[in-house]
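Any value given below was found using the heavy atoms of this structure, including those in side chains, with hydrogens, waters and symmetry copies removed. Residue numbers run from 1 in the order of the sequence given.
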Amino acid sequence: MSRPASPGVLDTSVVIRLDRITDPGLLPGQPLITTITLAELSVGPLVTGGRRERAARQARLQQAEADFDPLPFDAAAARAFGRVAADLRRRGRKPAARSYDAMIAAVALARGLPVYTCNPADFEGIGGLEVVAVPAG
């Protein structure tokens, strides 16, 4: 399958597994991340106990910071977040439990972009959001 030329938002699950994506051709031609993903990645080194894992998570964060100019969670995303949270509640899901994913979805919706994720179930029930499943080994 050829790589789409259009942009798409990589969910944190994809950024974490970039080196294990089974078919990189499934990723968008212009991969983007959000400031939410940087926030989520920033937590990683601080919450792990092992020195080796902490170093790996810190390296992943630094690589993402070097490789991407993240899309901000701005006023348009904040308005879209209201729709995302309402959609999740209507489906019986708690937006707070998946707050990072809901905020990433809001940024993508505000810009009319699809979300590429290794965990498509995390985005189920969000109206108008195009979700692209990305298999990782």
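- Expressed to the nearest 0.5 Å, how far CZ of R83 lies from CG of L129 amounts to 10.5 Å.
- Considering every non-hydrogen atom in both G125 and D87, the closest pair reads O-CB, 3.2 Å.
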Practice prompt. Begin with the C-alpha distance, continue with both residues' side-chain angles, and end with the deciding distance and a verdict on side chain to side chain contact (heavy atoms under 4.5 Å, CB included) for Y100 and V43.
Written response: CA-CA 12 Å; Y100 293 127; V43 173; 3.7 Å; yes
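- Judged by distance alone, with hydrogens and angles left aside, the side-chain atoms of R17 form no donor-acceptor pair with the main-chain N or O of A136 at under 3.5 Å.
- Side-chain contact check for V9 versus I104: some heavy-atom pair is nearer than 4.5 Å.
- Contact annotation: the side chain of F68 never approaches that of T37 to less than 4.5 Å [non-hydrogen atoms, C-beta and beyond].
- Expressed to the nearest 0.5 Å, how far CZ of R91 lies from CZ of R89 amounts to 16.0 Å.
- No side-chain heavy atom of S99 sits less than 4.5 Å from a side-chain heavy atom of I36.
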Worksheet item: Run the side chain to side chain contact (heavy atoms under 4.5 Å, CB included) check on S6 and L113 step by step: do they pass?
Response: CA-CA 9 Å; S6 58; L113 298 171; over 6 Å; no
Practice prompt. May I have the step-by-step check of side chain to side chain contact (heavy atoms under 4.5 Å, CB included) for L41 and R60, ending in yes or no?
Written response: CA-CA 8 Å; L41 291 173; R60 188 177 301 119; 4.2 Å; yes
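- Side chains of T35 and V107 form no contact here, defined as non-hydrogen atoms less than 4.5 Å apart.
- What you find for E124 and L88 is that their closest heavy atoms are O-CD2, 3.8 Å.
- T12 and E40 form a side-chain donor-acceptor contact under 3.5 Å, judged by distance and modelled atom types alone.
- When all heavy atoms are compared, the tightest approach of F123 to V115 is CZ-CG1, 3.9 Å.
- Closest heavy-atom contact between I126 and A105: CD1-CB, 3.8 Å.
- S13 contributes a side-chain N or O that, together with a main-chain N or O of C118, makes up a donor-acceptor pair within less than 3.5 Å.
- The line from CD1 of I33 to CG of D67 is 8.5 Å long, rounded to the nearest 0.5 Å.
- Of all heavy-atom pairs between A133 and P135, the closest is O-CD, 3.7 Å.
- Using a 4.5 Å heavy-atom cutoff, the side chains of L10 and P28 are in contact.
- Surrounding CG of D69 are at most 12 heavy atoms belonging to other residues, nucleotides or ligands under 6.0 Å away.
- Across all their heavy atoms, Q58 and P45 have their closest contact at OE1-CG, 3.4 Å.
- Heavy-atom contacts from other residues, nucleotides or ligands closer than 6.0 Å to CZ of R20 number more than 12.
- Residues L27 and V134 meet the side-chain proximity criterion, which asks for heavy atoms closer than 4.5 Å.
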Show every donor-acceptor pair shorter than 3.5 Å between a side-chain atom in residues 74-81 and any protein atom, with sequence neighbours excluded, or say none if there are none.
| from | atom 1 | to | atom 2 | distance (Å) |
| --- | --- | --- | --- | --- |
| D74 | OD1 | A76 | N | 3.3 |
| D74 | OD1 | A77 | N | 3.0 |
| D74 | OD2 | R111 | NH2 | 2.9 |

